[in-house]
Amino acid sequence: MVESRIERGVGNPDLEALGRIALALGRPLVISFGGRDPDELPRDAPHLSIQELVLRSGRRAGYDGRFELATRPAEPWRSADIGLIANSARRLVHVECWNSIGDLGAAARSSARKQAELAELAVARWGVGGTSSLVWVVRAMARNRALVARYPEIFASRFPGSSARWLAALTTGSPPPDEPGLVWCDVGATRLFAWRRRIG
């Protein structure tokens, strides 16, 4: 009787009823006090630590930083990881932060779409002189370094902008290259450093 009410979605079963259902299904009944440990870090903590580093570096360099900057204000679920805004230079620096690159092609296409939307946003904000540029900040863990080393032509083609100049743009506020670039962050997400490309 209780089981039929449960099947119809009526009422809440008691522990005894749940035990009978588990027995009938041949499955163990597991009861736990769920919820997250309040001291547990969020699932995206490694990604957040890179974003935190970029925002901190950008603030020191004179940028007005934006976390999860909406690429289309009317559609706030569409966003770029970090937007660094230099109002006096009428410049928007689009920073995509990568803890681990899973699908390089999809990541490149996603960044290209966001960059096109942010270029429109820069023009809407500052007029024809408004510019937007793209840089990836990638955690320098072994997997990511191996990926970059395995596909040097692909990365060189996608990120032709000088990494050293991009590093300076992120840390000192100097003008970034016009072309997209790649900058490493250390594994602990405590500092940024230039990518030394090896093509041969």
Side-chain angles (χ1 to χ4, degrees), residues 44 47-99 101 103-140 144 148 152-186 189-197 199:
D44 60 345
H47 188 247
L48 291 172
S49 65
I50 302 171
Q51 291 175 299
E52 180 74 12
L53 171 63
V54 170
L55 284 167
R56 187 170 51 249
S57 298
R59 180 177 44 77
R60 290 177 182 154
Y63 292 105
D64 181 14
R66 293 287 185 270
F67 169 72
E68 295 295 335
L69 175 68
T71 58
R72 290 198 171 165
E75 300 171 14
W77 59 90
R78 296 172 73 146
S79 64
D81 283 342
I82 299 293
L84 298 177
I85 300 165
N87 279 307
S88 60
R90 297 191 296 176
R91 179 185 313 125
L92 173 58
V93 176
H94 167 203
V95 186
E96 287 292 296
C97 302
W98 294 97
N99 184 52
I101 302 168
D103 182 330
L104 181 56
R109 288 188 298 275
S110 173
S111 284
R113 176 191 55 78
K114 294 175 188 179
Q115 180 56 22
E117 292 171 358
L118 288 172
E120 291 175 5
L121 190 65
V123 170
R125 182 175 187 142
W126 294 298
V128 178
T131 62
S132 174
S133 46
L134 167 69
V135 63
W136 277 17
V137 174
V138 181
R139 190 182 301 271
N144 290 334
V148 172
E153 295 291 344
I154 289 173
F155 277 89
S157 169
R158 184 67 186 93
F159 303 106
S162 163
S163 186
R165 284 185 56 210
W166 265 112
L167 178 62
L170 293 174
T171 57
T172 70
S174 63
D178 293 330
E179 298 173 309
L182 185 148
V183 171
W184 293 113
C185 82
D186 68 324
T190 61
R191 68 182 181 89
L192 301 169
F193 59 98
W195 164 41
R196 292 181 179 84
R197 55 187 87 210
I199 302 176

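Just so we're clear, the structure is a prediction, and the values are computed from it rather than from any experiment.
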Decide yes or no for Arg158 and Leu134: does some side-chain heavy atom of the first lie under 4.5 Å from some side-chain heavy atom of the second? yes

If you look at every heavy atom in Leu121 and Leu92, which pair is closest and at what distance? CD2-CD2, 4.5 Å

Quick check: closest heavy atoms across Leu167 and Ala194, and the distance to 0.1 Å? CD2-N, 3.8 Å

Show every ring-ring contact (aromatic ring centres under 6.0 Å, His included) that has at least one partner inside residues 107-126, sequence neighbours left out. none

How many angstroms lie between atom OG of Ser132 and atom CD of Gln115, to the nearest 0.5 angstrom? 3.5 Å

Test your reading of the model: is there a side-chain donor-acceptor pair from Asn144 to the backbone of Asn99, 3.5 Å cut-off? yes

Spatial distance of atom CZ (Arg113) from atom CG (Leu118) [nearest 0.5 Å]: 9.5 Å

Residues pairing under ring-ring contact (aromatic ring centres under 6.0 Å, His included) where one sits in residues 58-98, two or more places apart or in two chains, turn out to be Trp98-Trp136

Side chain to side chain donor-acceptor pair (under 3.5 Å) with Ser49: which residues, sequence neighbours excluded? Arg139

Counting heavy atoms not belonging to Asp178, are there more than 12 under 6.0 Å from its CG? no

Could you list the residues that satisfy side chain to side chain donor-acceptor pair (under 3.5 Å) with Ser88, not counting sequence neighbours? none

I'd like to check the salt bridge (charged side-chain N to carboxylate O under 4.0 Å, His left out) partners of Arg59; sequence neighbours left out, ordered by chain and number. none

Given side chains that start at C-beta, do those of Arg91 and Pro176 come closer than 4.5 Å, heavy atoms only? yes

Mark yes or no for whether Asp186, through its side chain, and Thr190, through its backbone, hold a donor-acceptor pair below 3.5 Å. yes

Quick one: CD on Glu96 to CD on Gln51, what's the gap to the nearest 0.5 Å? 9.0 Å

Between CG on residue Leu170 and CZ on residue Arg165, distance to nearest 0.5 Å: 12.5 Å

Run the numbers on Ser163 and Trp184 for side chain to side chain contact (heavy atoms under 4.5 Å, CB included), then give the verdict. CA-CA 9 Å; Ser163 186; Trp184 293 113; over 6 Å; no

Polar side-chain atom of Ser57 near backbone of Leu53 as donor-acceptor pair, under 3.5 Å: yes

Shortest non-hydrogen contact from Ala61 to Ala169? CB-O, 4.5 Å

Answer whether the closest heavy-atom distance between the side chains of Phe159 and Trp166 falls below 4.5 Å. no

Working to the nearest 0.5 angstrom, can you tell me the gap between Arg60 CZ and Leu55 CG? 11.5 Å

Flag the pair Cys185 / Val54 as yes when at least one side-chain heavy-atom distance between them is below 4.5 Å, and no otherwise. no

Identify all side-chain donor-acceptor contacts of residues 78-86 below 3.5 Å with residues at least two apart in sequence or on another chain.
from, atom 1, to, atom 2, distance (Å)
Arg78, NE, Glu117, OE2, 3.4
Arg78, NH1, Glu75, OE1, 3.2
Arg78, NH2, Glu117, OE2, 2.3
Ser79, OG, Glu68, OE1, 2.6
Asp81, OD2, His47, NE2, 3.2
Asp81, OD2, Cys97, N, 2.7

